[in-house]
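None of the values given here were measured: they were computed from a predicted structure.
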Amino acid sequence: MPGQSETKGRPTPKRAEARKARRAPAKGKQASTAQRERNRTERQRALEALRTGDERYLPPRDAGPERRLARDVVDSRFTLGQIFMVLIFVAFIGGAIIANRTVNIASNYVGLVALTLIVIDCARTGRAAKAAVIEKYGASAATGISSYAFMRAMLPRRLRKPPPKVRRGGTPL
């Protein structure tokens, strides 16, 4: 017959079943389970991006071209923060293990001077990164860049996440 259409191949759903299918899990166990799963996959993607340096999935703390430039400025130079742990370990050995009073006092002073020099060097690196960001992207984009660069400069090069893309002595991109 010309007025009839072909069958759809499945039974028409009951009204209650159709409503359940349309309804998104807004409350209850299903919604919280789905939200937890989405959060978990997003965190895994961000952690993998930190390991590999994939710019698309970096967490907000590291995302953006301004942060990338700050990372490149820090990674292109040698900072005293890279040897921070070694200096503190040497000061600890001199102060705690060796029983000579003169060595203890000298190691305390060495540790204090090393810590002061490290903070000054990292602050200088942070200001240089901020100046580079201001020069390239403007003052509004430089919010929080100096502290971000300071913290990155304190870490040994191998422990930096995302990994360095610029060689020491190279030019920032």
Side-chain angles (χ1 to χ4, degrees), residues 8-89 92 115 118-173:
K8 59 186 171 189
R10 61 179 168 78
T12 302
K14 301 287 184 199
R15 181 174 290 181
E17 292 172 3
R19 283 183 182 161
K20 279 184 186 177
R22 281 193 309 262
R23 190 177 69 206
K27 297 179 183 175
K29 266 188 177 180
Q30 289 178 339
S32 60
T33 303
Q35 183 64 35
R36 270 197 311 273
E37 184 63 30
R38 281 192 300 272
N39 290 344
R40 187 176 66 77
T41 56
E42 190 174 316
R43 277 192 312 270
Q44 285 176 342
R45 192 178 324 146
L47 285 173
E48 184 63 29
L50 280 175
R51 270 187 242 117
T52 61
D54 187 4
E55 297 280 335
R56 295 174 296 170
Y57 302 114
L58 285 176
R61 179 195 66 168
D62 298 306
E66 309 87 21
R67 301 292 172 122
R68 170 69 190 263
L69 179 60
R71 285 194 301 270
D72 290 345
V73 168
V74 171
D75 295 338
S76 68
R77 45 175 74 194
F78 174 79
T79 62
L80 291 176
Q82 295 176 18
I83 57 173
F84 174 68
M85 291 297 175
V86 174
L87 292 174
I88 295 301
F89 183 71
F92 175 74
L115 183 63
I118 287 168
V119 168
I120 290 170
D121 183 48
C122 290
R124 213 173 44 118
T125 304
R127 282 193 317 211
K130 184 175 183 175
V133 169
I134 288 174
E135 180 182 322
K136 189 166 184 178
Y137 297 108
S140 62
T143 305
I145 294 293
S146 57
S147 60
Y148 177 75
F150 180 92
M151 294 306 293
R152 187 165 176 94
M154 289 289 287
L155 289 172
R157 191 171 170 89
R158 290 184 183 188
L159 297 180
R160 293 178 183 166
K161 302 290 183 213
K165 303 251 185 215
V166 178
R167 290 179 176 236
R168 225 181 255 140
T171 57
L173 302 175

So salt bridge (charged side-chain N to carboxylate O under 4.0 Å, His left out) across residues 57-67, not counting sequence neighbours, yields none
Q. Any salt bridge between R71 and E55, counting N to O under 4.0 Å?
A. yes
- Message: Between S146 and K130 (side chain of the first, backbone of the second, donor and acceptor by atom type, cut-off under 3.5 Å), is there such a pair?
- Response: no
dist R56:CZ -> L58:CG (nearest 0.5 Å) comes out at 10.5 Å
Tested for side chain to side chain contact (heavy atoms under 4.5 Å, CB included) against L80, the lone hit among I118, T125, I120 is I118
Inset, instruction - Walk me through it: do L115 and F84 pass the test side-chain contact (heavy atoms from CB on, under 4.5 Å)? - result: CA-CA 8 Å; L115 183 63; F84 174 68; 3.5 Å; yes
Residues V73 and S76: closest non-hydrogen pair is O-OG, 2.9 Å
Within the 4.5 Å heavy-atom criterion, are R68 and K165 side-chain neighbours or not?
yes
Contacts of E135 meeting side chain to side chain contact (heavy atoms under 4.5 Å, CB included) (sequence neighbours excluded), chain-then-number -> none
Residues at least two apart in sequence or cross-chain that pass salt bridge (Lys or Arg N to Asp or Glu O under 4.0 Å) with R127, listed by chain then number, are none
Taken in chain and number order and not counting sequence neighbours, the residues that satisfy salt bridge (Lys or Arg N to Asp or Glu O under 4.0 Å) with E48 are R51
Exactly one candidate in R43, E42, Q35 meets side chain to side chain donor-acceptor pair (under 3.5 Å) with N39; the answer is Q35
Close side-chain approach of V74 and F150, heavy atoms under 4.5 Å: no
Which pairs would a plain distance check flag for residues 155-164, meaning a side-chain donor or acceptor within less than 3.5 Å of a matching protein atom at least two apart in sequence or in another chain?
from : atom 1 : to   : atom 2 : distance (Å)
R157 : NH1    : D75  : O      : 2.7
R157 : NH2    : V166 : O      : 2.6
R160 : NE     : R152 : O      : 3.1
R160 : NE     : L155 : O      : 3.3
R160 : NH1    : D75  : OD1    : 2.7
R160 : NH2    : L155 : O      : 3.3

A70 and V133 have their tightest heavy-atom pair at N-CG2, 4.4 Å
Closest non-hydrogen atoms of D121 and F78, given as atom of the first, atom of the second and distance, are OD2-O, 4.4 Å
Between the CG atom in L69 and the NZ atom in K136, the distance rounded to the nearest 0.5 Å is 6.0 Å
Salt bridge (Lys or Arg N to Asp or Glu O under 4.0 Å) filter on R40, not counting sequence neighbours, yields E37
CG of D72 to CZ of R167, rounded to nearest 0.5 Å, is 14.0 Å
Note: G126 and A149 closest approach over all heavy atoms is CA-CB, 3.7 Å
In this structure, CE of M85 is separated from CD1 of I83 (nearest 0.5 Å) by 12.5 Å
Next item on the list: Verify the neighbour count for atom CD of Q44: are there more than 12 heavy atoms of other residues, nucleotides or ligands below 6.0 Å?
Entry: yes
Heavy-atom closest pair (P65 atom, Y137 atom, distance to 0.1 Å) is CB-OH, 3.4 Å
